[in-house]
Amino acid sequence: MNFATFDLNLLRVLDALFREENATRAGDRLRLSQPAVSAALNRLRRHLDDPLFVRQKNRMVPTAKALALKDTVREALVGLEEAMTAIAGFDPASARRCFRIYGSDYFADMLMPALSATLRRAAPGIVLQLIDNSSGDMQDQLADRAADLALEPATAVPAWISCEPAFHSSFVVVAAADNPAIRRLGLQEGEEIPLDAFCAMPQTFASANGQLAGIVDKALAVVGRRREASLTLPQFHSVAVAVAEGTLVATLPRAIATKYAASLGLRIYAAPVAVPPADLRLYWHVRHDADMGHQWLRARVKAILAGYDEGPGSARQGTHSAAAGNANGRPAPT
DNA sequence: TTGTGCACAACTTCCTTCTT
DNA sequence: AAGAAGGAAGTTGTGCACAA
């Protein structure tokens, strides 16, 4: 083949085909039509004298010759993108970009409205998307560029993921204003719920993957006690609504408990055990380290979340070193 | 039978090259 | 420098193959 006449745009088509193994979806990714991808694939085939992708049922399977190019093409494109974004500079006022943030519904309430307001003023051409953390694994989302930034509890990550602390949040217990168990105890808001009463109360908590034991159960186990888990829900907001509408209580991060208490009429109490504070962190692919636009976004996110930071020693009694996260990047159930 | 997905045909648009 | 011609690559529309 003659590299001097080779259209380097064809490498983007090749990369999209590796990612999607489907000409229609590769076209969507590249904002081209399926016939345009098909024609580009034919040009690649002529240049490289190989079918490159052969149809197998409903997917386009790469040939051995195509696979031999896969990593080289990917690395070349990523290297070019990194180099170009690093030198491009970033002017928020004129920037036209889309940033996708991966995280739980906690951030839909606690981050996105404020971040959106900041961007409307300073960077009106930027579009924000919150990707729900139930949509897939954090590492996969960052690797596949489905997410630009992730907000998750502290967890071990490989070297290709950069990480910065965002904030620490303690936990408090919320209950409906007319919760009968709380009323019988005669507790005032802010007071500690007695351990025996807490363990006997029907409880709900956020669990993205349906785990029936959360960090509260771990804290109770330390003192040899158990609680009654009645309901798990995938989102913090649903937990707060369930508490507001019934006799359940829930242990929630303090900031979001305070917000929901105001909007749903909940009361806040201290937990009877030391629950380790949530250590929330920002994660992103190292390819964005030098990206000035990404740096700008990270600074805005950190500035907003710093308002919720209670420091690493924010547990009610003492602290635990265990982080409130797990290996797959999902938030640990509370 | 229907839905999905690739490839082809016809046409349009845009870029490059050639000519004046 | 400007217009004409030709080619490359895009689009829409359609056909064919295949799986459910």
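We name chains A, B, ... by the order of the sequence lines, and we start the count at 1 in each one.
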- How close or far is atom C1' of dA7(B) from atom CE of M60(A), stated in whole angstroms? 10 Å
- Euclidean distance, atom CD of residue Q34(A) to atom C1' of dG5(B) [Å, nearest integer]: 7 Å
- Item | side-chain contact (heavy atoms from CB on, under 4.5 Å) partners of A242(A), counting only residues at least two apart | L231(A), L233(A), L248(A)
- Query: Any side-chain N or O of T24(A) less than 4.0 Å from the OP1 or OP2 oxygen of dT4(B)?
  - Reply: no
- Query: Would you say a side-chain N or O of R45(A) is under 4.0 Å from OP1 or OP2 of dC6(B)?
  - Reply: no
- Atom CZ of R12(A) to atom P of dG10(C): distance rounded to whole Å? 10 Å
- Task: Could you list by number each residue of residues 35-42 of chain A showing a heavy-atom separation from DNA chain C of less than 4.0 Å, or answer none if no residue does?
- Result: P35(A), A36(A)
- Message: Using whole Å, what does the distance between atom P of nucleotide dG5(B) and atom CZ of F53(A) come to?
- Response: 16 Å
- Query: Over how many whole Å does the gap from N22(A) atom CG to dA7(B) atom P extend?
  - Reply: 11 Å
- Message: Run the ring pair (Phe, Tyr, Trp, His ring centres under 6.0 Å) test against F107(A) and tell me which residues pass, sequence neighbours left out.
- Response: none
- Query: If you look only at pairs with a residue in residues 202-215 of chain A, which of them pass as a salt bridge (Lys or Arg N to Asp or Glu O under 4.0 Å), with sequence neighbours excluded?
  - Reply: none
- Message: Which residues pass the side-chain contact (heavy atoms from CB on, under 4.5 Å) test with A40(A), not counting sequence neighbours?
- Response: L10(A), V13(A), R43(A)
- Task: Go through the steps for Y269(A) and V249(A) under the test side chain to side chain contact (heavy atoms under 4.5 Å, CB included), then give the verdict.
- Result: CA-CA 10 Å; Y269(A) 303 92; V249(A) 299; over 6 Å; no
- Query: Could D15(A) and R74(A) be called an ion pair, given the rule that one side-chain N must be under 4.0 Å from one carboxylate O?
  - Reply: yes
- Message: Both atom distances under 3.5 Å, Watson-Crick or G-U wobble: I'd like the secondary structure of DNA chain C as a dot-bracket string, with | for pairs made across strands.
- Response: ||||||||||||||||||||
- Describe, in one word, how the ring planes of H294(A) and F99(A) are oriented to each other, choosing from parallel (under 30°), tilted (30 to 60°) and perpendicular (over 60°). perpendicular
- Parallel, tilted or perpendicular: which describes the rings of Y308(A) and Y106(A), with under 30° parallel and over 60° perpendicular? perpendicular
